[in-house]
There are 2 protein chains.
Amino acid sequence: MNKLLTVIVDDHPIVIEGLKTLLKNEDNLEIVGSFSNAAQLLSYLSRNPVNLILLDVTLPDIGGMELCKMVKEKFPDTTILIISNHTERSIIMQTIQNGASGYLLKNSSLEELRQCITGAIKGTICYSKEVVEIISRPTKNQLRGAPQLTRREKQVLSLLAQGKTSQNIAQELFLSPLTVDTHRRNLIQKFEVKNVAEMIAAAHREQLL
Amino acid sequence: MNKLLTVIVDDHPIVIEGLKTLLKNEDNLEIVGSFSNAAQLLSYLSRNPVNLILLDVTLPDIGGMELCKMVKEKFPDTTILIISNHTERSIIMQTIQNGASGYLLKNSSLEELRQCITGAIKGTICYSKEVVEIISRPTKNQLRGAPQLTRREKQVLSLLAQGKTSQNIAQELFLSPLTVDTHRRNLIQKFEVKNVAEMIAAAHREQLL
DNA sequence: TGAAAAATACCTAAAAACCAGTAGAAAAAA
DNA sequence: TTTTTTCTACTGGTTTTTAGGTATTTTTCA
């Protein structure tokens, strides 16, 4: 089997050197080039065959995200592995959407790197362990999550969103206005907001209205 | 060019089969999955790249509307086409507002479907013929419409939604609290609501926040 | 340039919301 | 059945909003 023709794209020379060293002894892989920006890579690709690209997402000229997309359009048979420090879920998901076959953090072990490369070449998408964690843990928006509301509180919230005053609500629910007031205060505490206006906005964001 | 990776989400197996059959012979599109509820779709999306989602709005678990929004937040590059039987204007408009790239009725022709898919992928929003008719005749709701707000009013509205008091806002905008008060009152009048809480809810409905 | 719209600011007073507690009864969960 | 949560209601006090106005200065645009 031919060796995998591999290039590295990263604007940190140190990272390039590190990867080169790490992969020097891999016998099914040969590093044929390394570039510090997108233009260099594209120029090289148009002249030479490449099987695998190890790509950083932060580059001086084009965002790695777009670059990934461009490369995949022109050279769909080339496998792209993202090697990055970004731990934001959205960025990771986006790169995959743009055609990358995997995502590794720069502190990944050689073992993980090797595993991801072989996986990616076979066509599967491959993440390093930490990345899997990031993907599987819901976003902080979901993490903080909508507060747990009681039945009564939901009722009161909904009536507040209709512009009703405590008195109105009390009449409607056959309660003392003071009780409604308590519910209102508990709601504001649960939502961790300053007043009803902000609470309505928050409730809307959390799809509670 | 790669084939468009397409998934179908509908709780009617018959619709799924129908769409599959219709699209089987499209050579620039490949159906890689079909799901009967939102949870299945989300789980698949987190693991696999998808270019196009054909989505029904009525699903057993989450409303297609919310689902649409969620998907677009997490995977903004995925194109969503709504395929539905709902002919209510508000629903159609809402899906578009939530990030869908088009809306078709289930009785649309293959020709229309094809046209909408190519259009949507290119970034334009695409409706089938009947849907265009529905949209073009405005409803009484649309007649009342969202109020016309001035620049300052929008600012104040936004800050109110953040739970700020008139004093806070005044400081932030270098105004007299009394001025902010005036803006607030004008806003409440324009929205024809009773207080700020209801206004925030209304503003959210009209997609002004 | 002149009219209309928007932004600014003020007054008064009542109504409502917000804050910080407490506490008994009812319902749900352990 | 005991414990916990939820629902109920209260005291007392402060801050903010709301409702009725009026009025000057900027901006905008026709």
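Here is how names work: the chains are called A, B, and so on, in the same order as the sequence lines, proteins then strands, and each is numbered from 1. Heavy-atom basis, side chains included; hydrogens, waters and symmetry copies ignored.
Distance, B:Leu187 CG to C:dA7 C1': 13 Å, rounded to whole Å. One interatomic measurement links the two molecules: CD of B:Gln189 to P of C:dA6, which rounds to 14 Å at whole-angstrom precision. Distance CD (A:Glu198) to C1' (D:dT17): 17 Å, rounded to an integer number of Å.
Judged purely by atom type and a 3.5 angstrom limit, A:Glu198 uses its side chain to pair as donor or acceptor with the backbone of A:Lys194.
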Any N/O pairs under 3.5 Å between the protein and nucleotides 15-17 of chain C? List them or say none.
from   : atom 1 : to       : atom 2 : distance (Å)
C:dA17 : OP1    : A:Arg184 : NH2    : 3.4
C:dA17 : OP2    : A:Ser166 : N      : 3.0
C:dA17 : OP2    : A:Ser166 : OG     : 3.4
C:dA17 : OP2    : A:Arg184 : NH2    : 3.1
C:dA17 : O5'    : A:Arg184 : NH2    : 3.3

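Nearest heavy atoms, B:Pro49 versus B:Leu5: O-CD1, 3.5 Å. Considering every non-hydrogen atom in both A:Ser166 and A:Asp181, the closest pair reads OG-OD1, 3.2 Å. In terms of heavy atoms, B:Ser84 sits closest to B:Tyr103 at OG-OH, 3.0 Å. The nearest pair of heavy atoms linking B:Ser43 to B:Arg47 is OG-NH2, 3.3 Å.
Rounding to the nearest 0.5 Å gives a distance of 13.0 Å between CG of A:Leu160 and CD1 of B:Ile200.
The aromatic rings of B:Phe35 and B:Tyr44 sit tilted relative to each other, their planes meeting at an angle between 30° and 60°.
A salt bridge links B:Lys190 and B:Glu153; the closest N-O separation between the charged side-chain nitrogens and carboxylate oxygens is under 4.0 Å.
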Protein heavy-atom contacts under 4.0 Å, written 5' to 3' over nucleotides 4-9 of chain D as B (base), S (sugar-phosphate only) or - (none), form the string --SSBB

